[in-house]
Amino acid sequence: MFSNRWRFGWDRYTEVDLFTDHNDTNAETLSQAIRAASEEPDADGSVLFGHLQGTVVGLRYYTGVVNSGEMVGLVRQPQNPYDRNAVMVANIYGNQVGHIKKELAAAMAYVMDNKLAKVEGVVHSGTKNKFTMPVMLSFWGKEEKKNTVIEMMARRGYKLNTGGIGQAAVFFFFQLKNAFDNLFEGLMESKDGEKEAAKSVGTPLLPHQKKALSWMCARENKSGLPPFWEKRGELYYNTLTCFSAKEIPERVRGGILADDMGLGKTLTTIALILTNFHNGKPLPVETCVSVTVLNLYFSITVWCEQHLFIIKWLFACYQEGQSSPLKARTKKQMPPKLEGIFISCLLFTLYAPGFQEDLDFAAALGGLISDTGFKKKKTSKKDLKARATLIICPLSVLSNWLDQFEQHVSANVKLNVYLYYGSDRNRSTKFLSSQDVVITTYNILSSDNGDKSPLHVVNWLRVVLDEGHIIRNPDTLMSKAVLRFKAQRRWILSGTPIQNSVKDLWMLLAFLHLKPFDVREWWNRVIQRPVTQGNKEGLQNLQTLVKCITLRRTKNSEVNGRPLVSLPEKTVCVEKVELSQAEREEYELARNEGRNTIGRYVSEGTVLSNYAHVLAILMRLRQLCCHPDLLAKTSTDLGAAATPAELRERLIEKLRMVLASGSDEECSVCLESVRLPVITHCAHVYCRPCIAQVISTEKETARCPLCRSEIKTSELVEFPQEEMGEENGTNSEKWRTSSKVQALMANLLRLRSEDNRIKCLVVSQFTRFLTILETPLREHGFSYVRLDGTMSLKKRTQVIQEFQSSADSSPVIMLLSLKAGGVGLNLTAASHVFLMDPAWNPATEEQCIDRCHRLGQKRKVCVTKFIVKDSVEENMVKIQKKKQDLLEKAFGSTNTDRKASRISDIKALMEL
DNA sequence: ACCGCCGGGTGCC
DNA sequence: ACCGCCGGGTGCC
């Protein structure tokens, strides 16, 4: 019988399958096939064409089983020797279940091979017999392919059931975003208790850091069931995919630490590395103490009679140790009886200077203590030899990691940290594996790609992705590289795990090997599509999933009723500024003019279609509040454009006007400040991805969210690249002051007279205003630096370093553009913040203030907001308050609400 | 495998 | 006996 297997090869002898355990090898290739099949371009714009009841045949030849309700994967098998149209059916873990019946397979093969549709299967009723079973197929694809596919299938006698397919509701990002904000909130409750860090961690941990450490250790050590798995009788059952397995599903060892910036993710990670080695023991590290002991041994043969026997014993052990494969470090725990001698030895070193180091002996001694003193438990399914933790971070924080290791690891502990960076980096895998920590950057990763890259050969104990949201795009080289690491434990550190949409999460879960969602198809079907279609259940599942693997605390979180971190007091005061006679006259003129125009729009009901103009009017007023010279000279009206080129020119001009001032223009789709701005033919500005999303969802019927004019992707106008970041020289022939400038200078001079080392942030949305402010600062001899969005990364870090320096010569003022820099910016050297002009979005202001009011701030922080009396600014502040209220109860607000509130905002601003 | 399909055996009722 | 019917053999692609 056994030989039949070979003789008959592909033949139909059932023995073949009974003898072969292809669960492992075949499942892997099938999984790969499914993965490959679903790694097609994003299925985002897909619509459901229809359903079809099909049949899976040949069940008896395969080992894969399917439960009622379980999803299955459909993979084309063009190489099948019996039928080149074959479509294989596999379960979630990639075990083959059977084939699609051949006539249906022939029809499907055409559709699948020509990428007309993606076909998905669900087995609704359980297996009635051993030979075939029904499968519900659904066809998904681009709207324009829909009819082709339906006709195609109909011609072969398969009528797609298109009934009951409702048009998916169009959900804008912000509605999801609200849900996401919630998604990552409150992930703190009832996690584990606190855990003390190993002794080698030199910095005492704060309570919330001990909690994080405890949670992280538990995530690495405990072997409970992963999310959505439960035990049902003898089987493990996945409640989402309805898949069940005999073996306990592999648990994700790791997760996402999504604490807010400044709560000490780095320190906690360092503590984790030192505290949780194999079997929950601390990382064995060399300590100077042990080295000293050996020095002693070699330097003095007879030192103290009462210790001689121990030294002899140690030496004996050392020799014995030579023959056993010992861990080459001193474990932190040592037998109590030895502690005495270690201390004695330490004391002795004070009297016996000039010893040579002998690391070999130290290493052996260390190994001996752990291996002979404490017998290791043989619990290892895992590779206990894995030692090194690989940390990948953006270049900008690399030095921070090195500093933090320096700072937080006890002085007497020697931790091997290798910086895998630069062209002469050590590529020896043996060397890398032997390190305690290897640090590298995402850039190195994308160049050090390929299977033979040293980073991909090493068996890591742990891989940590700092600022892990960097890999959210799965198409990048580094994302692909990150998935191929061999590691036992995987962590993602990120303050902002979701930036735009659910899609951002997939890469993170794939990196963590959260099965089955590491295969894109299952993720798309179970989470992404339900969620983007606004399915409550999908969102709930996502929430559960995230909750299981994420720890997130914000600066405002509380533990046992006490704030996580206590920051110095922060006071915010508003300083009302009176305009001068001349300024007031100019302002009133502009205001009346604008008020008339907007009033007309309001009564005509055309506010939203003239939105760009309304914004321009408001901008003009806001600029007048700061400084008369801020006014943009160019202000062409969008009249009837003669030619397309002319229209384009005018649109660009509009866009330039909105952007040039550096104001915080907000996209009406995502309600964030615009990224990659584009302007529509109706002159409304959006982020390109946001408006592209709207257009792709609504297709031909797409309309501008603000004015409902028809919009097309081809008609979106971008800002010409060469003009980006171009900063026109100020027309500073004759500089003049303004009331706001005066108010600021009065404050700065007063502060300097109190303490000339007080550092201030001076913040404006208008970069040109910052330029104007430079003149009086120079005149009064203030040393200042400037940070705005136009500066290169290198320049930025340099400026920040200068400003943060405590040297007497360091600048005391930073001119800061409101939007410049990421959230990570650390400007704790400043204790005073001057906000020169109110922002539309109060969160932007908060974020800016938080750059100095954050962990590390030692002084009280004083924030001054300058607001011009009787002006648009005062009204903006009122609306800000209202917006904040709205934001707090963010859920339930619909797009129409937002539009209505926008119109009423504008009316309020103009006091109409 | 409680079906369908195939092909050989068979042939009034 | 160029059909129908019966019953055994058989069975994914």
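Reckoned from all heavy atoms, side chains included, excluding hydrogens, waters and symmetry mates. All chains are named by letter (A, B, ...) in the order of the sequence lines, taking the proteins before the strands, and each is independently numbered beginning at 1.
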Base C:dC12 to side chain A:Y62, donor-acceptor N/O within 3.5 Å cut-off: yes

Partner nucleotide, any strand, of B:dC3 [Watson-Crick/G-U, under 3.5 Å]: C:dG11

Geometric class of the A:W229/A:F243 ring pair [parallel <30°, tilted 30-60°, perpendicular >60°]: perpendicular

Distance, nearest 0.5 Å, that separates CD1 of A:I492 from CG of A:L465: 5.5 Å

Per-pair stack call A:Y61 and C:dC12, 5.5 Å, 30°: yes

A:E103 CD - C:dC12 C1' separation (whole Å): 11 Å

Separation between the C1' atoms of B:dG4 and C:dG11, rounded to whole Å: 10 Å

Distance, rounded to the nearest Å, where A:H99 contributes NE2 and C:dG11 contributes P: 17 Å

A:K712/A:E710 ion pair, N-O < 4.0 Å: no

Base C:dC13 paired with A:N80 side chain (donor-acceptor, <3.5 Å): yes

Give every donor-acceptor pair under 3.5 Å between a side-chain atom in residues 477-484 of chain A and any protein atom, sequence neighbours left out.
unit_1, atom_1, unit_2, atom_2, d
A:S479, OG, A:I471, O, 3.2
A:S479, OG, A:N473, O, 2.7
A:S479, OG, A:T476, OG1, 2.7
A:R484, NE, A:D451, OD1, 3.1
A:R484, NH1, A:N449, OD1, 3.1
A:R484, NH2, A:N449, OD1, 3.4
A:R484, NH2, A:G450, O, 3.1

Whole angstrom value for the distance that separates P of C:dC13 from CD1 of A:I100: 10 Å

Spacing between A:M133 atom CE and B:dC3 atom C1', to the nearest angstrom: 18 Å

B:dA1 versus B:dC6 - spacing of their C1' atoms, nearest Å: 15 Å

Face-to-face stacking of A:F131 with B:dA1, centres under 5.5 angstrom, angle under 30°: yes

Atom-to-atom span, CD of A:Q96 to P of C:dC12 - whole angstrom: 13 Å

Atom-pair distance (NZ on A:K102; C1' on C:dC13), nearest Å: 9 Å

Length of the CZ-P vector between A:R76 and C:dC13, whole Å: 14 Å

Of all pairs that satisfy salt bridge (Lys or Arg N to Asp or Glu O under 4.0 Å), the ones with a partner from residues 72-82 of chain A, not counting sequence neighbours: A:R76-A:D113

